[in-house]
Amino acid sequence: MGAFRITSTAPVFMERTAHVATVHWRSDSWIDTQLEALKRHCPCPMRLYAYLSGVDEAFYVHFDSVHTEDNLSHPLKLNALADEICALANDDDILIFIDGDAFPVADLGAAVDALERYPLVAAQRLENNGDLQPHPCFCCTTVGFWREIAGDWRGGGYWKNSQGQPVTDVGGRLLVSLQERGVEWLALTRSNKHDLHPLWFGVYGDVVYHHGAGFRDKLCRLDALRGVDLFSRLILKLQARLRLGRIWPGLDRAITKRIHNYMRFRNGRMADRVFASIQADPDFAQHWGFLEQGSPGQ
């Protein structure tokens, strides 16, 4: 596996079609932003495939294929879209997975170009307590390679997190498949020059932004472990030091619930501020310090 930040912008696969698979869940807030960024930064002709569960039907027209069922998990939705794409696309066509709250902030030509050397290019969220697997917030490969490995986004297989505990998550089976075949893939690691949050509001490889809190609970595993500010960190440390979970479990649960809700509120306010700037400012990534001033952006 290689770790890399993409800097070249030479689009070399103009003849090939990029088949883009994405999922938007009970919100259309990100659709326009994502599609505009893809059209601006993707060097290939595109076909767009989406699960739009709980999304206004007016947005269906922007996609080539739309599914609305909501009885599948996120990994299974991605797998279903990939199956649909693999049934009709050519082996050398490009397959792009991208989360609904993610979009390119720089030209994707270099990511596509990298497929000449690496069969798969994907975000890797090491900052999420040591996650090693490719993450579907952004993944680029070829249709032929996805067919060859029978790609699967479900969890499965285990690695040790930053505390040395065995964990798995979305993309776990894909990681195992790559490891078993000895495939070297290109990991796009978090390249933020400035962090507002240790996991969310991330840029990967200086090319793709992932909001991370677009459709989900405004509390992540890292927040629950570490806190989001001095106050929440102090409360978590006191709970652990006093061993409230053993001595007074009811009180411990009540405190945990309150501090988690406090962190959700703080995170939600920050997420709303960043989202508002995304809508208003094409250079939001530079202005927040995620990218260096003068970097190629939206």
Contacts of type ring-ring contact (aromatic ring centres under 6.0 Å, His included), residue [X], not counting sequence neighbours:
{"X": "Tyr49", "answer": "His19"}
{"X": "Tyr204", "answer": "none"}
{"X": "Trp200", "answer": "His197"}

If you group Ile, Leu, Val, Met, Phe, Trp and Tyr by side-chain heavy-atom gaps below 4.5 Å, do Phe201 and Met263 land in one group?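 No.
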Given the rule that I, L, V, M, F, W and Y join up when any side-chain heavy atoms are under 4.5 Å apart, are Val228 and Leu196 in one cluster?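 No, separate clusters.
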With Asp83, which residues qualify under side-chain hydrogen bond (donor to acceptor under 3.5 Å, both in side chains), at least two apart?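 Listed in chain order: nothing, the list is empty.
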Any residue meeting side-chain hydrogen bond (donor to acceptor under 3.5 Å, both in side chains) with Asp229, in chain and number order, not counting sequence neighbours: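 Scan of Asp229 (side-chain hydrogen bond (donor to acceptor under 3.5 Å, both in side chains), adjacent residues dropped) gives Ser232, Tyr262, Arg266.
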Do any pairs count as a side-chain hydrogen bond (donor to acceptor under 3.5 Å, both in side chains) and have a residue in residues 150-159, sequence neighbours left out, and if so which ones?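 Checked against side-chain hydrogen bond (donor to acceptor under 3.5 Å, both in side chains) - neighbours excluded - the pairs reaching residues 150-159 are Asn79-Asp152, Asp152-Arg154.
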Does Lys77 form a salt bridge (charged side-chain N to carboxylate O under 4.0 Å, His left out) with Asp70? I'd like the steps, not just the answer. CA-CA 9 Å; Lys77 289 176 180 178; Asp70 199 19; 3.0 Å; yes
Can Asp223 and Arg264 be said to form a salt bridge (charged side-chain N to carboxylate O under 4.0 Å, His left out), step by step? CA-CA 9 Å; Asp223 298 331; Arg264 286 185 177 96; over 6 Å; no
Please list every donor-acceptor pair under 3.5 Å in which a side-chain atom of residues 163-176 meets a protein atom from a residue at least two apart or in another chain.
unit_1 : atom_1 : unit_2 : atom_2 : d
Gln163 : OE1    : Asn129 : ND2    : 2.7
Gln163 : NE2    : Asn129 : OD1    : 3.2
Gln165 : OE1    : Asn161 : ND2    : 3.4
Thr168 : OG1    : Gly156 : N      : 2.8
Thr168 : OG1    : Gly156 : O      : 3.4
Thr168 : OG1    : Gly157 : O      : 2.8
Arg173 : NE     : Gly155 : O      : 2.9

Please check if any side-chain donor atom of Glu84 sits under 3.5 Å from a side-chain acceptor atom of Ser65, or the reverse.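 Short answer, yes.
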For the residue pair Tyr209 and Phe284, does the interplanar ring angle fall in the parallel (under 30°), tilted (30 to 60°) or perpendicular (over 60°) class?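 Tyr209 and Phe284: perpendicular rings.
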Which atom pairs, donor and acceptor, lie under 3.5 Å between side-chain atoms of residues 271-280 and protein residues at least two apart or in another chain?
unit_1 : atom_1 : unit_2 : atom_2 : d
Ser277 : OG     : Val274 : O      : 2.7
Ser277 : OG     : Trp288 : NE1    : 2.7
Gln279 : NE2    : Thr33  : OG1    : 3.2

Ile94 and Cys140: side-chain contact (heavy atoms from CB on, under 4.5 Å), yes or no, with the steps? CA-CA 7 Å; Ile94 309 303; Cys140 180; 3.7 Å; yes
Assess the pair His210 and Phe138: is the distance between their ring centroids shorter than 6.0 Å?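 Aromatic pair excluded; centres sit 6.0 Å or further apart.
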Side-chain atoms of residues 236-244: list all donor-acceptor pairs with protein atoms under 3.5 Å, sequence neighbours left out, distances to 0.1 Å.
unit_1 : atom_1 : unit_2 : atom_2 : d
Gln239 : NE2    : Asp252 : O      : 3.4
Gln239 : NE2    : Asp252 : OD1    : 2.9
Gln239 : NE2    : Thr256 : OG1    : 2.9

Keeping to residues at least two apart or across chains, list the ring-ring contact (aromatic ring centres under 6.0 Å, His included) pairs with something in residues 241-261.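 Residue pairs with at least one partner in residues 241-261: there are none.
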Which residue pairs pass the ring-ring contact (aromatic ring centres under 6.0 Å, His included) test with at least one member in residues 55-87, sequence neighbours excluded?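 Matches after skipping sequence neighbours: Tyr51-His67.
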Tell me if a side-chain donor or acceptor on Asn267 pairs with a main-chain N or O of Leu219 at a distance below 3.5 Å.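 No, the answer is negative, given that no donor and acceptor are paired below the 3.5 Å cut-off.
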N/O donor-acceptor pair under 3.5 Å between Ser53 side chain and Arg26 backbone: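 Here the side-chain-to-backbone pair does not exist.
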For Leu95, run the side-chain contact (heavy atoms from CB on, under 4.5 Å) check against Thr142, Thr17, Leu81, Ile85 and tell me which one passes.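 Answer after filtering Thr142, Thr17, Leu81, Ile85: Ile85.
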Remaining members of hydrophobic cluster (4.5 Å side-chain criterion), Phe265: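 Its cluster partners, ordered by chain and number, are none at all.
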Atom CZ of Arg269 with >12 non-hydrogen neighbours under 6.0 angstrom: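 No - once you tally the heavy atoms of other residues, nucleotides and ligands closer than 6.0 Å, there are 12 at most.
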